Amino acid sequence: RAKANGRGSFAVYVPELHEQLSERRQLEIDMRQALKANEFFVLYQPFYCVKSQTICGYEALVRWRSAKRGIVSPADFIPLAEETGLIEEIGAWVLRQACTDALDLPDHMTMAVNLSPVQFKSRKIVPLVRTILAETGLSPQRLELEITEGVMIGDQVEALSILKGLKDLGVRISLDDFGTGYSSFSYVRAFPFDKIKIDQSFVRDLGRTTDSLAIIRAVAGMCSSLGITSTAEGVETDDQFHILEAEHCDTLQGYLFGRPGPLQASDIQTGTAAQG
Ligand code: C2E
Ligand code: MG
Ligand code: MG
Ligand code: MG
C-alpha cells in the first residue's frame with residue numbers, strides 16, 4: 001500500500017518493505033483479536049525496600065500469550081500498539097487488572113503500572129484512573145504510575161497539567177528509565193515526582209565503569225535531598241546489591257529479588273481476595 005507523502009514524493013515498490021508492512025498489519029490484526037480473546041496477562045515483579053529488608057510492592061508488566069506467536073514481550077508489541085492507538089485499550093486493561101490484583105496484597109504494598117506516553121497524552125488518562133480506582137476501591141496512594149520522559153516531549157504545560165491531575169487523585173508518579181533520553185534534570189525540577197527509577201543500564205555497568213557508580217551516587221543523593229524515593233532497576237548480583245545499599249538507594253528491583261511472575265503466594269492475603 002503506497003501512501004501519499006505530500007508534494008514531490010513518490011513510491012517505489014520494495015518487496016522487503018511490503019513484507020514488513022503486511023507483517024505489521026498482521027500484528028495489528030492479531031492484537032485487536034487478542035484483546036477480544038483475553039490473550040493479554042500481567043506478571044508482577046517485586047520491589048525490595050532496603051530499609052525494611054522486605055518486599056514493599058510490585059510492578060505490573062504486561063505479556064501477550066498468543067496462540068499463534070507464543071508469549072510475546074512488550075518490547076515486541078507496545079510500539080505498534082502505540083502507533084495504532086490500541087495501547088489505550090491494552091493499557092486500560094492492564095491498569096484495571098493490576099489494581100484488582102493489588103487488593104490481594106497487604107495494605108502497605110504498592111502497585112506500579114507503566115503508562116505509555118500515548119496513553120498519557122490522550123487526555124483520557126485522568127478520568128480513566130479515577131474510574132478504575134473507584135471501581136476497584138484501591139487506595140490511590142497504593143497506586144504508582146510509571147512514566148518516562150517521553151510524556152514531557154511536546155507540550156510541557158499540557159503534560160504538567162495532566163501530571164497534576166493524576167497527583168490530585170492521590171496516586172504517586174514515578175519517573176522510569178531515568179538517565180536515558182534527554183535532559184532529565186529539567187523535568188525533575190519542573191515536576192515533583194514521588195520516585196525516580198535509575199535505568200538498569202547504569203546498574204549493569206557497575207563494576208565495569210566508575211562512571212556508573214558516580215552517576216548512581218549523584219542521582220540517589222539528589223533524590224534524598226529532594227525527598228524523592230530512589231529505585232535502581234535491573235539488580236542481578238550480590239555485588240550490585242551491596243553497592244546500591246551503600247549508595248542509599250531506597251528500593252531495588254531486579255532478578256536478584258524476583259523475576260516478573262505471579263504475585264508471590266506469601267504476599268497474598270488469603271480470604272480477602274476481591275470478588276469476581
Ligand atoms: P520497564 O518498565 O523499565 O520494566 C523493566 C524491564 O526490565 C522489564 O522488562 C523487566 O522484566 C526487566 N527486568 C527487571 N529486572 C531485570 C533484571 O534484573 N535484569 C534484566 N536484564 N531485566 C530486568 P519487560 O517486562 O520486558 O518490559 C519492558 C518494557 O515494556 C518496560 O520497561 C515498559 O517500558 C514496557 N511495559 C511493560 N508492561 C507495560 C504496560 O503494561 N504498559 C506499557 N505502556 N508499557 C509496558
Ligand atoms: Mg517500569
Ligand atoms: Mg525501567
Ligand atoms: Mg524501560
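Bear in mind the structure is a predicted one, so any value in this text is a computation, not a measurement. In listed order, ligands and their atoms are each counted from 1. Values below: every heavy atom of this structure, side chains too, minus hydrogens, waters and symmetry copies.
- Below 3.5 Å of separation, one finds an N or O of Asp176 facing an N or O of ligand 1.
- Contact annotation: for Leu61 versus ligand 1, heavy atoms closer than 4.0 Å belong to both the backbone and the side chain.
- Those atoms of ligand 1 with a heavy atom of Glu59 less than 4.0 angstrom away are 2 (O), 4 (O).
- Residues Ile78 and Val62 are in side-chain contact: their nearest non-hydrogen atoms beyond the backbone lie under 4.5 Å apart.
- For Phe257 and Phe241, the distance between ring centers is under 6.0 angstrom.
- Taking 2.8 Å as the criterion, Asp199 does not count as a coordinating residue of the Mg ion (ligand 3), since none of its N, O or S atoms falls below it.
- Between Asp250 and Lys195, no side-chain nitrogen of the basic residue sits less than 4.0 Å from a carboxylate oxygen of the acidic one, so the salt-bridge criterion is not met.
- In this structure, Arg63 has a heavy atom closer than 4.0 Å to ligand 1.
- Looking at Val235 against ligand 1, only its backbone comes within 4.0 Å, counting heavy atoms.
- Neither the backbone nor the side chain of Thr148 has a heavy atom within less than 4.0 Å of ligand 1.
- Here the shortest heavy-atom distance to atom 24 (P) of ligand 1, taken over Pro74, Pro46, Ala112, belongs to Pro74.
- Residue contact annotation: Gln253 has no non-hydrogen atom under 4.0 Å from ligand 1.
- In the hydrophobic clustering of ILVMFWY residues, with side-chain heavy atoms under 4.5 Å counting as a link, Phe47 and Val219 come out apart.
- Taking the Mg ion (ligand 2) as reference, the nearest N/O/S atom within Glu59 carries the name OE2.
- A salt bridge links Glu59 to Lys197: at least one charged side-chain nitrogen sits closer than 4.0 Å to a carboxylate oxygen.
- Of all the heavy atoms of Gln200, the ones lying under 4.0 Å from any atom of ligand 1 belong exclusively to the side chain.
- Sorting the N, O or S atoms of Asp176 by how far they are from the Mg ion (ligand 3) puts OD1 first.
- Inter-residue side-chain proximity for His242 and Asp238 is flagged as met; some heavy-atom pair is nearer than 4.5 Å.
- Counting only heavy atoms from C-beta outward, the side chains of Glu233 and Phe202 never approach each other to under 4.5 Å.
- The atoms of ligand 1 that sit less than 4.0 Å from any heavy atom of Glu233 are 3 (O), 5 (C).
- Interface of Glu236 with ligand 1, defined as ligand atoms under 4.0 Å from a residue heavy atom, comprises 17 (C), 18 (O), 19 (N), 20 (C), 21 (N).
- For Glu146, the N, O or S atom closest to the Mg ion (ligand 2) goes by the atom name OE1.
- Look at Pro260 and you'll find a heavy atom under 4.0 Å from some atom of ligand 1.
- At a cut-off of 2.8 Å, Glu233 is counted among the residues with an N, O or S atom near the Mg ion (ligand 3).
- Neither the backbone nor the side chain of Leu43 comes within contact range of ligand 1; no heavy atom lies under 4.0 Å.
- Between the Mg ion (ligand 2) and Ser174 there is no N/O/S contact shorter than 2.8 Å.
- Checked by atom type, the side-chain pair Asp199/Ser201 shows a donor-acceptor distance below 3.5 Å.
- In summary, the aromatic rings of Phe40 and Phe77 are positioned with their centroids under 6.0 Å apart.
- Contacts between Gln45 and ligand 1, counted as non-hydrogen atom pairs separated by less than 4.0 Å, involve the side chain only.
- Thr231 and Thr251 share a donor-acceptor pair across their side chains, judged by distance under 3.5 Å alone.
- No N or O atom of Ala75 sits closer than 3.5 Å to an N or O atom of ligand 1.
- In this structure, Lys51 places its NZ atom where only 12 or fewer heavy-atom neighbours from other residues, nucleotides or ligands lie under 6.0 Å away.
- Using a 4.0 Å heavy-atom cutoff, Gly234 is listed among the residues neighbouring ligand 1.
- Salt bridge absent: Glu28 and Arg24 never bring a charged side-chain N and a carboxylate O closer than 4.0 Å.
- In the candidate list Trp93, Phe257, Phe120, Tyr255, Tyr255 is nearest to atom 17 (C) of ligand 1, counting heavy atoms.
- By the criterion of a heavy-atom distance under 4.0 Å, both the backbone and the side chain of Ser116 are placed next to ligand 1.
- Remark: Lys121 does not engage Glu158 in a salt bridge, criterion side-chain N to carboxylate O under 4.0 Å.
- Within the 4.5 Å cutoff, the side chain of Met222 has heavy atoms near those of the Ile196 side chain.
- The Mg ion (ligand 3) lies closest to atom OD1 when only the N/O/S atoms of Asp177 are considered.
- Distances shorter than 4.0 angstrom do not occur between any heavy atom of Arg204 and any atom of ligand 1.
- Applying the side chain to side chain donor-acceptor pair (under 3.5 Å) test between Asp194 and each of Gln141, Lys167, Arg172 identifies Lys167 as the sole match.
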